[in-house]
Participant: 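The structure under discussion is supplied below as structure tokens; questions concerning it will follow.
Below, all heavy atoms of this structure are taken into account, side chains as well, without hydrogens, waters or symmetry copies. Since the structure is predicted, the reported quantities are computational estimates derived from the model, not experimental observations.
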Amino acid sequence: MLLRRRRARVRARGRQAGFQTYVVADRRAPVSELANQLLRKAFPDHWSFFLGEIALYSFIVLVVTGTYLTLYFDPSLAEVPYRGSYEPLQGLLVSKAYESTLHLSFDVRGGLLIRQMHHWSALVFVAAIGVHMLRIFFTGAFRRPRELNWMIGVTLFLLALLEGFCGYSLPDDLLSGTGLRTANSIVLSIPVVGTYLSFFLWAGPYPGEAIVRRLYIVHVLFVPGVMIALIAAHLILVVYLKHTQWAGRGKTNRNVVGQPMYPQFIAKSTGLALMVAGATAILGAVAQINPIWAYGPYVPDVVSTDAQPDWYVAFLEGALRLMPGVEWNVAGHTFMWNVLVPAVLLPALLFLILYMYPVFERWVTGDLREHHIADRPRDHPTRTGLGVAAVVCYAVLLMAGGNDVLAYEFDVSVNMLTWIFRVAVFVAPVLAYHVTKRVCLAMQKHERTLLEEGEETGEVIQDLAGGMGETHERLDQDTRYKLLVRDIPRPLVHPGADAPLHRRLQASLSSWYYRDRVDMPTTAEERLQITGRTADPVSEGAGGEGSEGEE
């Protein structure tokens, strides 16, 4: 009895201390107000919105497993004789980086599992970011007011590529060393300053003795710190700007219809986090990846067969293999176009386009409104065609990066494959663009037919004259809402031949973007309702956030 009273007093004191702490904090900061707004924040419910969360949770797995790996990894390139458990390498002179990675893999309990979880989660992280960005692009979620968040996402994608390359290069095995040699060639290809940059990064002539140590610092300190800050800013903007949502009854451009953060969203998100961690653990346990003991330690004059980088940078490898050997010597400076164009200018152009695309589309449309309703890709065939063309171009470069492996597996000529890919990298994206655009327009025409005639019931009737026909039924209101409520800008009116060049160019691009469209059959009342539901919340007045099922 005495023990129970003592426990009750301890609990009471704890509750009182917690309440007093909360009161003190609430008097000095808007804790109650912010907590109430955040916990009741509405989140739309759709599977595509979880792609970004998969990236977030795989990043958390990366941080946790990476912290464990840093306890055992030594980034030094000093050579030591290997005395570990892997018998085939016994007595071989290897770097401490390679030796510590082998020690981690074979002699530390659970070390190989954690190392492979780290590698798999890195691949999942980059893949999730890429697919998440594609979802944002195809649904138009990069438009005002989310341009800054789009640019933060692009920066995170770029940093993820850099982080993956740094981590891939740390073990100092033959495969990662081959990648570092390629990176050194890329740096050297930069005109005028390339040799200086190479000497600075490698601390002397290649291979140097400092590059792994410097990559280690970048990998575990600099890039993760920047990424954590950007992820925090990204999430804050997502909460502040409201989440986009698919068109549906009760969903307008001025509200958010979904489930509150607590308890529904937190419960689902926690389950997803556990699923991501579990899937990564299963992959790390049963699917071998990056077996550095099979490659052996890095030797500068040796290259591994079938050497392939991780998939997210393989498109650069493909571009390098497809570029013809072109070099110029100008004023004593060598311009290695065969390396500079595919490995420096191409990725620079790619990320410049990614950063500037929201600005470009806003200029083409002349649209300064806010957009909170997600576009269906079929309703914007030009944008969708451009996105699919980019994906196809990447796929061609990815396959070109393994042209030697493909040639060996299918017993064909490497030179023939190279020329096929050289043609395909220009032709395939154009074909993909036109086919995708036609498919999108065909889907719009099908939806117009459904709105005009209704959906087929499968029942066949015969009229008095003996003719056969099929009955149709009107689409339900939810489906009609999804098909009719869409926000497609009209092409800008051409300003005339006397207008400034940039105005004429803007009008021409706007016509190219939006002239191909299929208008849906609507009544005057329906057009008025669609205009009201897609109106700019700034000009029409900001509405509150709805709850699930709000009409």
Side-chain angles (χ1 to χ4, degrees), residues 41 43-44 46 48-49 51-53 55-56 128-161 226-247 251-256 347-377 379-380 382-387 390-391 486-492 502-503 505-506 509-510 512-514 534-540 542-543 545:
K41 189 76 177 178
F43 284 86
H46 193 269
S48 64
F49 298 148
L51 295 171
E53 293 186 46
L56 173 63
I129 291 180
V131 179
H132 179 57
M133 289 181 62
L134 287 176
R135 197 277 299 175
I136 292 174
F137 177 82
F138 285 124
T139 61
F142 55 83
R143 295 176 297 176
R144 187 179 183 183
R146 298 174 180 83
E147 301 97 330
L148 177 59
N149 225 9
W150 167 263
M151 294 180 182
I152 291 176
V154 174
T155 305
L156 282 170
F157 184 61
L158 178 61
L159 290 175
L161 299 184
V226 176
M227 293 184 73
I228 290 173
L230 289 177
I231 289 173
H234 185 77
L235 295 177
I236 290 173
L237 285 176
V238 168
V239 173
Y240 175 72
L241 297 174
K242 299 189 299 188
H243 206 292
T244 56
Q245 59 186 350
W246 295 100
K251 301 176 181 179
T252 71
N253 208 34
R254 300 184 299 277
N255 68 355
V256 177
L349 178 63
L350 167 65
F351 280 96
L352 178 63
I353 292 174
L354 288 176
Y355 276 115
M356 298 307 298
Y357 185 83
V359 179
F360 169 75
E361 184 167 310
R362 186 175 68 239
W363 178 72
V364 167
T365 60
D367 183 13
L368 300 178
R369 297 177 302 151
E370 290 189 2
H371 297 272
H372 302 288
I373 298 293
D375 294 329
R376 295 191 306 161
D379 292 333
H380 292 258
T382 300
R383 181 206 294 158
T384 304
L386 291 175
V391 172
R486 56 181 193 167
D487 187 10
I488 307 177
R490 290 285 178 181
L492 298 177
H502 69 280
R503 291 298 182 191
L505 177 62
Q506 181 186 21
L509 288 174
S510 177
W512 171 65
Y513 245 72
Y514 296 112
T534 59
D536 185 7
V538 175
S539 60
E540 295 293 329
E545 291 186 2

Participant: Do the two ring centres, one from Phe43 and one from Phe49, sit under 6.0 Å apart?
Facilitator: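 So the answer is no for these two rings.
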
Participant: Are Arg369 and Asp487 close enough for a salt bridge, meaning some N to O gap below 4.0 Å?
Facilitator: yes

Participant: Hey, does Met133 have a side-chain heavy atom less than 4.5 Å from the side chain of Trp150?
Facilitator: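 A side-chain contact exists here, since the closest heavy-atom pair is under 4.5 Å.
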
Participant: Rounded at 0.5 Å granularity, tell me how far OG1 in Thr244 sits from NZ in Lys251.
Facilitator: 10.5 Å

Participant: Got a second to check how far Thr139's OG1 is from Trp246's CH2, nearest 0.5 Å?
Facilitator: 5.5 Å

Participant: Return the OG1 to CZ distance between Thr534 and Arg254, rounded to the nearest 0.5 Å.
Facilitator: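 Rounded to the nearest 0.5 Å, the OG1-CZ separation comes out at 8.5 Å.
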
Participant: Step by step, work out the side-chain contact (heavy atoms from CB on, under 4.5 Å) result for Gln245 and Asn255.
Facilitator: CA-CA 9 Å; Gln245 59 186 350; Asn255 68 355; 3.3 Å; yes

Participant: Distance check, rounded to the nearest 0.5 Å: Phe351 atom CZ versus Leu161 atom CG?
Facilitator: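 It is 5.0 Å, given to the nearest 0.5 Å.
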
Participant: Taking the side chain as C-beta and beyond, is there a heavy-atom pair between Trp512 and Thr382 under 4.5 Å?
Facilitator: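 Trp512 vs Thr382: side chains touch.
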
Participant: Given Asp375, which of Arg135, Arg383, Arg486 fulfils the salt bridge (Lys or Arg N to Asp or Glu O under 4.0 Å) condition?
Facilitator: Arg383

Participant: Val359 and Met151: which non-hydrogen atoms are nearest, and at how many Å?
Facilitator: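 Closest approach of Val359 to Met151: CG2-CE, 4.3 Å.
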
Participant: Does some side-chain heavy atom of Phe142 sit less than 4.5 Å from a side-chain heavy atom of Val154?
Facilitator: no

Participant: Run the side-chain donor-acceptor check on residues 228-238: report pairs under 3.5 Å with partners two or more places apart or on a different chain.
Facilitator:
residue: His234; atom: ND1; partner: Asn149; partner atom: OD1; Å: 2.9

Participant: Which pair of non-hydrogen atoms, one from Thr384 and one from Phe138, has the smallest distance, and what is that distance?
Facilitator: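 Here Thr384 and Phe138 meet closest at O-CE2, 3.5 Å.
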
Participant: Residues two or more places apart in sequence or in another chain: which of them pass salt bridge (Lys or Arg N to Asp or Glu O under 4.0 Å) with Glu53?
Facilitator: none

Participant: Between the main-chain N or O of Leu492 and the side-chain N or O of Ser510, is there a donor-acceptor pair closer than 3.5 Å?
Facilitator: yes

Participant: How many angstroms lie between CE in Met356 and CG in Leu354, if you round to the nearest 0.5 Å?
Facilitator: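 Going from CE on Met356 over to CG on Leu354, the span is 11.5 Å.
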
Participant: For a 4.5 angstrom cut-off between non-hydrogen side-chain atoms, does His380 reach Tyr514?
Facilitator: yes

Participant: I need the Lys242 NZ to His372 NE2 distance, nearest 0.5 Å.
Facilitator: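 Those atoms lie 4.5 Å apart.
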
